[in-house]
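Reading through the structure tokens given below for one structure.
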Amino acid sequence: MEFFEKVFRFLMGEGVEKHMIFGTSSAIVGLLIVILDCAYFLVKKKSLLFLSYRGFRAIFVIVIWGFGAGLVGLIGGAINILQENLQACIVVGIGWPAIFPRIIESASSREETQVATKEE
Amino acid sequence: MKISSVILGRRDFYSNEEIIDFTKKSKNYNPEEENTHNAEALMIFQTSNQQTWLVSTNERLYCILDDIRNDEPNINWSVAKERLTAEGQVTIEINARDKSGKTGLVDIGPEHKNWLFSKGLFKEKNIDNSIRQLIKNKML
């Protein structure tokens with residue numbers, strides 16, 4: 001258990017607790033938002049998040065949405081592309097699918113590259 | 001180390017001291033004449049994946065590219081003291097110019113042209129003078 005804690009601390013770097021709190025908060029906000037959207041869907045037959053809640057798949061969609069928000073919050077906070085505050089939690093909860101490509105882009109940003117040569 | 005680097009399986013950049021020590025791997029390094037203890041390194045280019053260093057020993061100037069996507073840095077080229085200095089002066093021609101907002105290009109002599117440098121690393125002193133000073137400090 002201690003080993004996994006060390007691995008987790010290594011991955012998250014400085015401020016691991018803060019990233020975890022932000023990730024968990026993002027997951028909770030994400031869950032609340034998707035549940036609200038599900039309720040809206042049941043009443044209005046339309047999803048504001050453009051999701052579909054039909055039968056048991058609705059539970060899967062809700063869980064995955066919350067899980068995605070939590071993970072994007074955790075990684076986004078750890079690589080400093082998100083400010084870890086309540087506003088950011090709400091933004092992640094509503095729009096994590098849009099933020100996720102930004103995280104990937106940030107990790108493999110297009111910068112100028114120096115070509116290596118062979119010493120003579 | 002950044003989490004993005006961990007996710008992508010990349011190593012850390014070599015430190016200043018490690019880069020200086022890496023010059024020993026050059027096929028032109030001469031342990032009898034050169035001494036890395038007095039060597040000095042100057043970083044000229046820096047991105048999230050790459051750092052380019054110029055390392056001056058008492059005998060040679062080395063250009064080393066540290067790309068964290070590769071297992072270890074690469075020695076791009078090296079120039080002997082005789083081609084850099086003469087009569088107590090730095091004689092090699094060094095020319096720098098703009099390339100984009102953040103980067104420029106520097107020519108170090110007639111054989112090593114168009115090397116990228118980060119303007120942000122040379123806000124206080126221009127790159128031409130920094131390279132000249134590096135050579136002067138270690139070879140003259």
Side-chain angles (χ1 to χ4, degrees), chain A residues 3-27 67-84 88 92 96-120, chain B residues 1-10 12 22-23 25-29 43-55 60-80 99-106 111-120:
Chain A
F3 172 76
F4 288 109
E5 199 184 319
K6 280 182 181 170
V7 170
F8 193 72
R9 282 184 183 279
F10 170 74
L11 284 171
M12 291 290 121
E14 296 287 317
V16 60
E17 281 84 9
K18 201 177 171 196
H19 303 324
M20 282 201 64
I21 290 167
F22 181 69
T24 309
S25 306
S26 299
F67 182 75
L71 213 56
V72 166
L74 185 71
I75 297 172
I79 65 171
N80 293 324
I81 71 155
L82 295 170
Q83 266 201 317
E84 293 171 316
V92 171
W96 70 265
I99 297 167
F100 186 58
R102 267 295 287 130
I103 290 176
I104 299 297
E105 195 185 316
S106 160
S108 55
S109 56
R110 286 176 199 149
E111 298 165 314
E112 293 201 66
T113 303
Q114 178 66 67
V115 179
T117 58
K118 207 172 177 185
E119 187 186 16
E120 287 172 8
Chain B
M1 184 182 263
K2 291 196 311 183
I3 190 169
S4 52
S5 299
V6 176
I7 291 167
L8 297 171
R10 291 169 189 170
D12 265 340
F22 196 78
T23 56
K25 293 198 177 180
S26 165
K27 59 184 180 185
N28 293 315
Y29 181 77
M43 190 195 292
I44 61 166
F45 179 63
Q46 184 177 41
T47 66
S48 59
N49 291 320
Q50 292 186 316
Q51 289 182 345
T52 308
W53 295 81
L54 293 177
V55 180
R60 293 189 84 84
L61 180 71
Y62 297 87
C63 177
I64 300 174
L65 175 64
D66 186 11
D67 189 325
I68 55 172
R69 292 166 294 190
N70 300 328
D71 290 342
E72 61 174 19
N74 176 69
I75 301 174
N76 290 311
W77 47 261
S78 66
V79 183
K99 184 176 189 286
S100 64
K102 288 182 180 175
T103 60
L105 294 171
V106 62
E111 288 170 4
H112 307 296
K113 290 179 176 281
N114 299 324
W115 287 89
L116 287 168
F117 72 92
S118 300
K119 290 181 189 173

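Note: hydrogens, waters and symmetry copies are ignored here, and every other heavy atom, side chains too, is used. Chain letters run A, B, ... following the sequence lines, proteins first and then strands; every chain starts at 1.
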Give me the ring orientation class for His112(B) and Trp77(B): parallel if the planes are under 30° apart, tilted from 30 to 60°, perpendicular past 60°.
parallel
Report which part of Thr47(B) has an atom under 4.5 Å of a heavy atom belonging to chain A: side chain, backbone, both, or neither.
both
Tell me every residue that passes salt bridge (charged side-chain N to carboxylate O under 4.0 Å, His left out) with Lys25(B), counting only those two or more places apart in sequence or in another chain.
Glu72(B)
Leu65(B), part contacting chain A, at a heavy-atom distance under 4.5 Å
side chain
By side chain to side chain contact (heavy atoms under 4.5 Å, CB included), Leu82(A) pairs with (sequence neighbours left out) Phe22(A), Val92(A), Ile99(A)
Given heavy-atom pairs under 4.5 angstrom as the criterion, report whether the side chain, backbone, both or neither of Glu120(A) touches chain B.
backbone
Heavy-atom proximity to chain A below 4.5 Å, by part of Lys99(B):
side chain
Just by distance, no angles: are the side chains of Thr103(B) and Ser100(B) close enough, under 3.5 Å, to form a donor-acceptor pair?
yes
